[in-house]
Amino acid sequence: FAVKGWTCNVCLVSNKDDAEKCVACAEPKPGLKKSTSKSAGGDSLQSIFKKPSGNWDCDVCLVPNKGDVTKCIACETPRPGTQPSSS
Ligand SMILES: [Zn+2]
Ligand SMILES: [Zn+2]
């Protein structure tokens, strides 16, 4: 009977069709979607942590402000670290 399978294009070893990677060199099966590769999950996690971190406290009135506001909600003092665009 004809066994379905695939041939590793690195070491040319014959592998079973249900093997997701080469039994000899662990090369992924050709044509297999690389959704389970190591770098796939890392990117989405990084983008989450790239968000501006948290709240900040106004230097003038000490009111806590959200991370996405650029000036104090109470006294409109610009957020420390941001350059006011008035010149
Ligand atoms: Zn191989
Ligand atoms: Zn303030």
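For clarity, every value in this text was computed on a predicted model and none was experimentally measured. This chain uses plain numbering: 1 for the first residue, then up along the sequence. Order of listing sets the numbers, starting from 1, for every ligand and every atom in it.
Seen from the Zn ion (ligand 1), atom SG on Cys25 and atom SG on Cys8 lie at an angle near 110° (rounded to 10 degrees). Here Cys75 contributes SG and Cys72 contributes SG, and at the Zn ion (ligand 2) these two atoms make an angle of 110°, given to 10°. To the nearest 10 degrees, the Zn ion (ligand 1) sees SG of Cys22 and SG of Cys11 at an angle of 100°.
Contact of the Lys21 side chain with the Asn15 side chain is not registered, since no non-hydrogen atoms from C-beta on lie closer than 4.5 Å. Between Ile73 and Val63 there is a side-chain heavy-atom pair separated by less than 4.5 Å.
Counting only distance, with no hydrogens or angles, the side chain of Arg79 and the backbone of Asp68 share no donor-acceptor pair below 3.5 Å.
A salt bridge is absent between Asp18 and Lys4; no separation between the charged side-chain nitrogens and carboxylate oxygens falls under 4.0 Å.
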